[in-house]
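A short write-up of the structure that comes next.
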Amino acid sequence: MPQPRFARFAIALPLYRVFEYALAEGDKALPGTRYRLPFGNRSCTGILLDSDRASEFEPSKIKPVEQRLDDEAVIDAHMLELARWIAEYYLQPLGEVLFLCLPGYLRGARTQASTRVKRWKLGPAASDDPESLLRRSPRQLEIVQALAAEPRGLTALDFKVINPDWHAPVARLEQKNLIRFEWSEPESAPLPSPILPELSHEQRQILERIEPQLETFGAHLLDGITGSGKTEVYLRLIRNRLDAGRQVIYLVPEIGLTSQLIERIGERFGEAYAISHSGLSDLQRYRAWERFRRGEAGIMLGTRSSLFAQSSRLGLIVIDEEHDHSYRQEDGVRYHARDVAIKRAQMLNIPVLLGSATPSLESLNNLGRDHYHRYRLDARPTAFAPPPLELVDISKSRLDSGCAAATLERIGQHLERRGQVLIYLNRRGYAPIVLCHECGWQAHCFNCDARLTLHQSVSSLICHHCGFNRGLPEACPECGQVEIRHYGIGTEQLEQGLGQRFPEVPVLRIDRDVIASREALKQRLQTLAGGEPCILVGTQMIAKGHDYPAISLAVVLDADQALFSASYRASERLAQTLFQVAGRSGRGDREGEALVQTRFPQHPLMQALRRKTYRDIAAGLLQERQSYGFPPFARAVMFRADAVELEQAMRLLEKIRDELAAAREYSRLSCIGPLPALMTRRIGRYRAQLCLLAVDFRVLRSVLNDAMPAIETLAGGGRASWSVDVDAYDL
Ligand code: ADP
Ligand code: ZN
Ligand code: ZN
């Protein structure tokens, strides 16, 4: 009997170990292919890692695989290497990382759809004067003539245009050997040659500096004020790479308001791009992934996970708005797409281009390192510079729809001068607080330590953390008092209030509740693009990325929360948001203004925001971080646990801490906790955390290397579970 062959597999479960199975006879055992594997009393999908190693197990105990799902690898050798790096760096199970790298469509047992097409060309017999041969078959002659005019060949789609009933004549011609088909890979579409804007002096200089470095690894930070033409620089570099036969991944934080960008890319690159984001179906995203993998699309434009698009000739990764937090995945496999992109570029020896008007403190701090370069764009190609931030003191004023009288007056002025107005309020719904005046009862979520938000449009109280919702109570559930009031303001109420106040212009709301309908979003964006006066109201979605030249006033309604936040990142985030929001205004031929409402105009950060540039503020914040020993001057690793009781979560983290404490270099790092998490109860589970901080990352690594093998086997007991977050965002 022939010896069975064994292979190791990573499976899509949060388990750190890999599993061995026996392969069928004759299996080629290609690393990166998917198999159905028996697992317990069910089956699961696994990815073959390697084979023909000496097994640690008794051969008769190793189960055979159920079925091989792929003929060719779905994870190429480079992606396998990158996944191993992610698993190791972020301490995440390899199986989970590998399945994260695949489009959702391929995470189960679905087979790869074929993207091959039949392409017909003239056959060997066609050289014998087909005209006379086919004189009595005009339909066949038509097809032969079309093929003679197109040496690349024609597909079924092309034939359909020539003759809807193309099957019969084509079959006859094939029999006569006048034509034949071959299976062909879809070809990449030709690039159009649009008229390009003349580059500014600054843009040209930057291109001249970056272009000679495109064949090697480098992290290029394009630090350019809002509206300075960063996108134009990306597009030129992308074109350069495509012309060199390479492919490009272009990441953006959110696709919501980027329809403008998609149009711009379409004009530049025709059909040569693929798009992937969470608004698309699994099949659509898979097709995009496949088109890019096959080289049919030169550009992959998308959100975070598009970074895992595979290509054998990747030549550049662009990360727009590199400071944006949406590049961090906060559940499942925790990773930062910007940091993984830099690693990927380094492995492939290609450049990565990071762009932002408000670069992250991490990237600014990295500028001192080898292979990091900064380029600055200090002016807009258009008429006006981004507006300074003007503070509106609301400590003593009565607010009407969340706006001070001075703010409303300014909105009126801009509308009168036919400008568009953008109002940023990072709170969706109608009102964030619902309470009884009689007894003090407040509407709280049953599952979370959080208030319920009033959503008037659907007459419900909704939890923004778990989605729990209930109808509006007729009377106070505690004392029966019928007058229940709401406080505070969300985008829904703002839209309503402004609509009453400015009935002559449309008020467009854009937030997660609206964006659920693509059509509603499209309509609103069309109105904005039309350039007529209107008011745009929305959450963080409207704060970034877009370029609507008629917007002349940007207003931030409530900036104060960040001043008293427990997060050490709050100041950085606030500065980024305010400069981004302000930067949406004054992009056209009207000078822009930006207002920030605050109850604390004298707060040092507010004063800095008013007077200084982002770069100066960032430099100050970096100094602060250094003196407190916070990231990026220290590295943070966070263990989190959750359970049905707080006690269980805390106990699990204590066990983890004990394992860490046994490591050789433990005394060289600081360990904070375990402590209950800031929002202790969320989605029905109690949460606690344990934070490790070290100035020297090698110390952190060494402790984790010592302790992880034991920690990986720690089951919660009593349904507690834990996760680990390397380079944790918030402590
Ligand atoms: P950023 O990405 O820095 O916010 P964009 O690339 O979107 O800026 O440019 C802002 C606006 O300026 C866009 O409308 C763009 O078409 C225009 N623009 C960019 N570069 C030039 C240029 N060299 N000449 C004229 N207009 C330009
Ligand atoms: Zn009451
Ligand atoms: Zn909840």
Side-chain angles (χ1 to χ4, degrees), residues 194-207 222-238 250 252-253 257-258 260-261 263-265 267-268 318-322 353-359 375-386 434-453 461-470 473-485 529 531 543-551 579-580 582-589 592 679-685 687:
I195 299 163
L196 303 179
E198 178 122 13
L199 292 175
S200 69
H201 178 66
E202 274 184 318
Q203 285 170 325
R204 194 162 347 101
Q205 277 194 324
I206 290 175
L207 282 173
L222 183 51
D223 168 6
I225 60 167
T226 51
S228 57
K230 295 183 289 297
T231 312
E232 188 60 42
V233 175
Y234 309 153
L235 297 181
R236 299 291 174 115
L237 290 172
I238 290 171
Y250 186 164
V252 291
L257 289 180
T258 36
Q260 279 182 319
L261 178 64
E263 264 168 44
R264 229 162 132 185
I265 288 185
E267 279 164 26
R268 284 300 160 92
V318 177
I319 304 191
D320 190 23
E321 314 288 11
E322 65 85 28
L353 181 61
L354 311 174
S356 178
T358 53
Y375 310 84
R376 290 161 65 142
L377 282 169
D378 287 320
R380 284 183 174 175
T382 47
F384 297 99
V434 175
L435 60 75
C436 165
H437 244 241
E438 204 57 39
C439 73
W441 170 85
Q442 283 197 27
H444 275 284
C445 178
F446 287 127
N447 309 318
C448 310
D449 291 333
R451 291 197 189 98
L452 296 177
T453 301
L461 300 175
I462 300 178
C463 172
H464 286 181
H465 301 279
C466 70
F468 169 84
N469 81 70
R470 54 174 288 180
E474 306 252 312
C476 171
E478 308 236 307
C479 74
Q481 159 78 18
V482 286
E483 205 185 333
I484 294 179
R485 304 214 187 141
K544 54 196 163 196
H546 58 84
D547 180 45
Y548 291 102
I551 296 177
F579 280 98
Q580 290 290 343
R584 300 305 120 202
S585 110
R587 287 170 168 251
D589 49 15
M679 182 191 274
T680 309
R681 193 153 168 273
R682 189 164 184 271
I683 319 185
R685 310 234 341 145
R687 308 177 317 145

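One-based numbering, in listed order, for ligands and for the atoms of each.
- Put simply, the side chain of Glu202 gets close to the backbone of Asp378: a donor and an acceptor are under 3.5 Å apart.
- Below 4.0 Å from some heavy atom of Ser200 lie the following atoms of ligand 1, by number and element: 23 (N).
- For the side-chain hydrogen bond (donor to acceptor under 3.5 Å, both in side chains) with Thr226, the qualifying choice from Arg584, Arg380, Lys544, Arg587 is Arg380, the only one to do so.
- Vertex the Zn ion (ligand 2); arms to Cys439 SG and Cys436 SG; angle rounded to 10 degrees, 120°.
- Side-chain contact between Trp441 and Gln481: absent, with no pair of heavy atoms (C-beta onward) separated by less than 4.5 Å.
- Here Cys463 contributes SG and Cys445 contributes SG, and at the Zn ion (ligand 3) these two atoms make an angle of 110°, given to 10°.
- The pair Arg268-Glu232 meets the salt-bridge criterion, with a side-chain N (NZ, NE, NH1 or NH2) lying under 4.0 Å from an Asp/Glu carboxylate O.
- Between the SG atom of Cys466 and the SG atom of Cys448, the angle taken at the Zn ion (ligand 3) works out to 110° after rounding to 10°.
- Side chain of Gln203 to main chain of Ser200: a donor-acceptor pair is present (N/O by atom type, distance under 3.5 Å, no hydrogens or angles).
- Below 3.5 Å of separation, one finds no N or O of Thr226 facing any N or O of ligand 1.
- Below 3.5 Å of separation, one finds an N or O of Gln203 facing an N or O of ligand 1.
- Of all atoms in ligand 1, listed by their number and element, those nearer than 4.0 Å to a heavy atom of Leu199 are 23 (N).
- The Zn ion (ligand 3) has no N, O or S atom of His465 closer than 2.8 Å.
- Closest to atom 14 (O) of ligand 1 among all protein heavy atoms lies Asp547 OD2, 2.5 Å.
- With distances taken over non-hydrogen atoms, the option nearest atom 15 (C) of ligand 1 out of Arg264, Arg204, Gln260 is Arg264.
- The shortest separation from a heavy atom of Gly224 to ligand 1 is not under 4.0 Å, leaving the residue out of contact.
- Ranking the protein heavy atoms by distance from atom 22 (C) of ligand 1 puts Glu198 O, 3.4 Å first.
- Closest to atom 2 (O) of ligand 1 among all protein heavy atoms lies Thr231 OG1, 2.6 Å.
- The structure places CD1 of Ile206 at 9.5 Å from CG of Leu353, a figure rounded to the nearest 0.5 Å.
- Contact detail for Cys476 and Ile484: the closest heavy-atom pair is N-CD1, 3.5 Å.
- By the criterion of a heavy-atom distance under 4.0 Å, the side chain of Arg587, and not its backbone, is placed next to ligand 1.
- Annotation: side chain of His546 is in contact with side chain of Gln260 (closest heavy-atom distance under 4.5 Å).
- The proximity of Pro381 to ligand 1, defined as any non-hydrogen pair under 4.0 Å, is limited to the side chain.
- If you put the vertex on the Zn ion (ligand 2), SG of Cys476 and SG of Cys479 sit 110° apart, to the nearest 10°.
- Considering only heavy atoms from C-beta on, Asn447 stays 4.5 Å or farther from His465 through its side chain.
- Between the side chain of Arg687 and the backbone N or O of Met679 there is at least one donor-acceptor pair closer than 3.5 Å.
- Not one N/O/S atom of His464, from backbone or side chain, sits under 2.8 Å from the Zn ion (ligand 3).
- Contact check for Leu261 versus Tyr250: side-chain heavy atoms found under the 4.5 Å cut-off.
- At least one N or O atom of Gly227, backbone or side chain, sits closer than 3.5 Å to an N or O atom of ligand 1.
- Put simply, the side chain of Asp449 gets close to the backbone of Arg681: a donor and an acceptor are under 3.5 Å apart.
- Among the atoms of Gly229, some N or O lies under 3.5 angstrom from an N or O of ligand 1.
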